[in-house]
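Numbering of ligands and ligand atoms starts at 1, following listing order. This is a predicted model, so every value here is computed, not measured.
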Amino acid sequence: MTTAYAEVYDPDGTRHGIPTWPWRWAPDGLATRRQLRAMGLRPGGQEPAAQVMRLRRRTREPLVAYLYHVSLALPVRPMTPAKWAAIDVALKARRTCPQCRQVCDYVIPRSLGCCNQCHAG
Ligand SMILES: [Zn+2]
């Protein structure tokens, strides 16, 4: 084990406060926020249980990713009808031409600032 690995290998958290493993060495049952998200879960208010750490080659500045207990994670909040409605309104606004107020079946290009018909004159 190289020195760099020894520095970030701290399963008991004596050095870093919380259990720390080298990048990709995280034990089963722990996941990063992004990994939880991929499983349809969110940390749900729990504090990071551990972390994985990697030292940048040159600066030796550590890159840290917090890990959460998968068993304590909660499902991502499901979309409510109100949320869907809000998205609907937002999408419709993006399809509405600010000049002729017509709702198009495509998103108004930012570069034009109006629908194709208005742009064509
Ligand atoms: Zn228009």
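Of the possible donor and acceptor atoms, one in the side chain of Asp10 sits under 3.5 Å from a partner among the backbone N and O of Arg15. A donor-acceptor contact shorter than 3.5 Å links the side chain of Tyr106 to the backbone of Asn116. Side-chain atoms of Thr96 come within 3.5 Å of backbone N or O of Lys92 as a donor-acceptor pair. Side-chain atoms of His69 never come within 3.5 Å of backbone atoms of Pro43 as a donor-acceptor pair (strictly under, hydrogens ignored).
The number of protein N/O/S atoms found under 2.8 Å from the Zn ion (ligand 1) is 4.
Linking Ile, Leu, Val, Met, Phe, Trp and Tyr residues whenever their side-chain heavy atoms come within less than 4.5 Å places Ile18 and Leu36 in a single cluster.
One distance of note links CH2 of Trp23 with CG of Leu55; it measures 10.5 Å at 0.5 Å rounding.
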